[in-house]
Novice: 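I have a structure I would like to understand better, so I am pasting it below and will then ask my questions one at a time.
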Amino acid sequence: MAKTVLLILFLIIVAFFSGRTLMLFSALFTKKKADVFTSFCAGSLVILCVSFVSHLLTITRSGLIADEKSLAGIIMVVLMTASYFAFVVLTVVMGKAKDSVKVKRKPAGKTAVLIAGLAVIAVLIAVFTVTFGLWVNSTGDETLETVRVFVKGNVMYSIDPLTGSSYAEGVPMRYKILCLTGLYSVMSAAFGTSPEVIVHNIMPAFWFISGLCTMFALSGSLYKGKENEIFKRSVFMISVILFAYAADLSSYAQGFSVLSQMWTGTAVRIWVLIPFLLYLLFERKYITALLPVLCEAFICRTQYGIGFCACIYVLFVPCMFAVRRFKCLKAS
Amino acid sequence: MIHFRECIVLNASLFVSLIAGYTVLKKTGRKTDDRIKALLLLACISFVLLIFPVSASVIRIVFGTYYDVPDIWGIIPLIPLGGVCVSAMAGELFKDFSGEKKSTVILCSAFLAAAVLICGSLGTPEETMAGRSENASIGEAEVAQLICDRSRDSGSAYVVLANDDITAALHTLSADVVTLYGRDMWDGRLTKNRLGTYSQELRQLRDDLLKMEDNKFYLAPEVCREGFSFGADIVVVPGGCDPASFEAEGLYYEEFTASNGERFYLVYGGIL
């Protein structure tokens with residue numbers, strides 16, 4: 001139990017710390033500070049990147065979980081040390097360049113406060129549902145079996161997790177390099193937590209909260225400082241959670257995997273990566289926006305090599321250009 | 001009918017988002033944030049790319065594979081799009097409501113209510129369970145747990161032959177058990193269509209197990225013999241089988257009754 005609590009604290013601290021540093025660094029170029037919610041989400045992507053590097057190195061060399069555990073640990077220590085110094089330096093640098101104009105906010109009306117309260121309740125119910133695995137559906141997924149086999153045998157991709165015997169056919173490299181199973185196995189091996197708790201409880205909650213932070217940041221990007229800000233942001237949060245719940249009917253619906261399979265790469269893509277990509281695009285952080293595109297390749301098959309994040313990135317930039325151009329033409 | 005409803009769900013969410021987006025643009029015109037306009041334009045372009053058969057042909061030529069629309073539905077960021085449209089529309093309605101233009105409020109609230117009803121699953125928990133037949137029943141899960149416990153206690157990995165649900169449940173509970181077949185790695189489902197992964201004899205064996213689920217219990221002794229010849233240590237058969245048939249074959253068996261009353265026979269091929 002103590003080690004499980006330690007694992008949760010570890011995830012929160014690493015995600016926040018490394019994400020904050022990344023967003024502060026990004027803010028050096030755009031002169032726009034990122035809030036706590038964005039930092040947490042960015043940190044979850046940093047964890048993915050670290051996991052991918054250690055997983056790829058392990059797969060191409062020994063394939064032992066113990067090796068990946070050591071590699072991930074080393075990279076994490078180096079990252080945290082570098083992040084600490086960068087965090088201190090950047091905080092001092094950014095602290096000097098404070099916003100000169102402070103937006104004066106109108107007090108929120110009763111309706112807005114009521115809707116905000118409903119949004120908080122909706123968020124809490126959704127987090128509760130995901131954390132305690134109330135709607136878990138593992139149909140078509142074998143992450144838990146794979147993690148169990150990895151942890152038991154201390155070696156990756158030698159035993160078929162669906163039969164328990166050696167693979168009759170090989171595993172394609174495109175599957176082997178997907179890092180989520182390696183990340184979950186390393187956590188289970190390092191902290192002694194049961195694979196089922198990690199796969200069905202802890203990591204779904206982590207990714208879900210990360211996605212909620214992104215959605216909140218996305219709403220802030222659109223509505224911060226504007227009329228009826230609290231009302232619109234609350235409606236935004238309620239509606240995204242409603243869309244996730246309403247998608248439960250079909251496994252093809254976007255949002256199905258958000259409540260039922262949040263540990264999978266496809267769910268992380270839909271709930272975390274794509275909204276975070278949109279947030280970065282809205283904020284014109286076009287270089288940082290490549291991070292979700294890369295992370296998608298690390299955690300799920302990119303669907304015929306296309307990649308949903310890459311498609312959205314490639315389509316959004318010309319769309320934005322077209323809208324502004326049309327606006328200028330109409331104005332003239 | 002369920003497939004038809006799936007199509008309705010997929011299209012309804014996009015349709016409602018686009019209606020909401022159109023309403024926002026119509027009401028606010030030039031004042032709408034350029035980023036929202038760009039997102040709506042992106043969604044429209046992606047939708048067009050998905051729907052036109054030409055796109056499918058191009059992808060088939062370039063990548064060599066056929067794609068199904070639901071597979072690449074994700075290029076339309078539906079959840080953020082829906083959130084943006086609904087919140088932007090709600091913001092405008094809130095302004096109208098404050099200015100006492102209630103007809104618009106009523107109309108758009110009706111849209112939202114219709115969207116929720118069309119999506120439907122909020123009120124149909126029974127239907128959401130349809131198609132999830134890989135989830136083991138209480139009895140099957142208890143049998144799987146029993147086998148995993150015995151395998152762990154004995155220190156050696158038992159080889160088990162059982163139906164699809166018990167087979168799937170075994171591997172979610174423990175890595176200490178081996179099964180003669182498992183869910184296909186690529187699509188995660190136990191399929192009869194997967195050619196080349198398992199031998200014809202093994203696939204026939206699984207078919208016979210499925211027939212026993214249809215009350216053809218006379219197949220049980222033959223299934224057990226075949227299973228043992230493949231190397232199984234335990235074969236799990238339904239409780240409706242006649243134990244006399246096992247005795248006649250000289251097979252050692254154990255009856256297990258689960259907490260929900262489901263009965264199974266565990267037939268052993270030489271292990272205690």
Side-chain angles (χ1 to χ4, degrees), chain A residues 111 137-142 144-145 148-149 152-153 160-165 168-169 215 218-219 222-223 227-228 231-233 235-236 239-240 242-250 252-255 269-271 274-275 278 282 303-306 308 311-312 315-316 319-320 322-324 327, chain B residues 5-6 9-10 13 30 33-39 41-42 45-46 59 63 65 67 70-75 77-80 82-84 86-88 90-91 94-95 116 119-122 124 127-128 132 134-135 157 171-172 174-183 185 187-189 197:
Chain A
T111 314
N137 178 353
S138 58
T139 303
D141 177 72
E142 58 206 56
L144 178 59
E145 294 95 319
R148 276 198 195 284
V149 163
K152 180 186 174 241
D160 184 344
L162 300 179
T163 62
S165 32
E169 299 161 13
M215 296 294 188
L218 187 58
S219 69
L222 285 170
Y223 303 126
E227 200 180 354
N228 298 323
F231 178 81
K232 287 179 185 174
R233 291 182 80 174
V235 170
F236 184 91
S239 53
V240 296
L242 261 184
F243 271 114
Y245 270 97
D248 193 54
L249 179 68
S250 164
Y252 284 120
Q254 288 187 35
R269 171 173 63 190
I270 287 168
W271 191 247
I274 290 177
L278 285 174
F282 283 4
Q303 219 66 43
Y304 312 104
I306 298 172
F308 296 159
C311 276
I312 291 169
L315 284 175
F316 185 84
C319 284
M320 195 69 196
V323 163
R324 291 215 166 121
K327 192 176 171 183
Chain B
R5 197 158 175 190
E6 283 176 0
V9 168
L10 292 174
S13 50
R30 289 183 196 180
D33 193 324
D34 287 345
R35 295 171 297 177
I36 296 179
K37 288 181 190 170
L39 183 61
L41 183 60
L42 181 152
I45 292 172
S46 301
I59 288 181
F63 294 101
T65 53
Y67 81 83
D71 290 337
I72 63 169
W73 196 254
I75 62 172
L78 264 181
I79 294 179
V84 166
V86 172
S87 58
F94 186 66
K95 249 191 341 194
V116 172
C119 291
S121 64
L122 290 175
T124 55
E127 280 177 328
T128 61
R132 298 179 190 179
E134 288 180 69
N135 293 339
H171 292 293
T172 61
S174 168
D176 294 326
V177 174
V178 174
T179 53
L180 292 186
Y181 55 81
R183 290 184 292 165
M185 181 169 182
D187 63 20
R189 289 183 294 275
T197 302

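Each chain gets a letter, A, B and so on, in the order its sequence line appears, and its residues count up from 1.
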Novice: Taking all heavy atoms of A/Phe236 and all of B/Val84, pick out the closest pair and write down the distance.
Specialist: CE1-N, 3.3 Å
Novice: Output the option from A/Pro275, A/Ser239, A/Gly153 having the highest count of non-hydrogen pairs under 4.5 Å with chain B.
Specialist: A/Ser239
Novice: Out of curiosity, A/Met320 CE to B/Leu42 CG, how far, rounded to the nearest 0.5 Å?
Specialist: 11.5 Å
Novice: What is the distance from atom CZ of A/Arg324 to atom CG of B/Asp34, rounded to the nearest 0.5 Å?
Specialist: 5.0 Å
Novice: Heavy atoms, side chains only, cut-off 4.5 Å: are A/Trp271 and B/Ile79 in contact?
Specialist: yes
Novice: Tell me, side chain or backbone of A/Ile270 under 4.5 Å from chain B's heavy atoms, or both, or neither?
Specialist: side chain
Novice: Locate the shortest heavy-atom distance separating A/Leu218 from B/Pro80; write the atom from each residue and the value.
Specialist: CD2-CB, 4.0 Å
Novice: Chain B heavy atoms under 4.5 Å from A/Lys232: which part of the residue, side chain, backbone, both or neither?
Specialist: both
Novice: Considering only heavy atoms and a distance below 4.5 Å, find which of B/Ser87, B/Ala157, B/Ala175, B/Ser174 pairs most often with chain A.
Specialist: B/Ser87
Novice: Where does A/Ile312 contact chain B at under 4.5 Å (heavy atoms): side chain, backbone, both or neither?
Specialist: both
Novice: How far does NE2 of B/His171 sit from CG of A/Leu144, to the nearest 0.5 angstrom?
Specialist: 11.5 Å
Novice: Under 4.5 Å from any heavy atom of chain B, what part of A/Ile274 do you find: side chain, backbone, both or neither?
Specialist: side chain
Novice: Can you see which heavy atom on A/Arg148 is nearest to which on B/Thr172, and at what distance?
Specialist: NE-O, 2.7 Å
Novice: So which of A/Ala322, A/Gly164, A/Cys319 has the largest heavy-atom pair count under 4.5 angstrom toward chain B?
Specialist: A/Cys319
Novice: Closest approach of A/Phe316 and B/Arg35, non-hydrogen atoms and distance?
Specialist: CE1-O, 4.2 Å
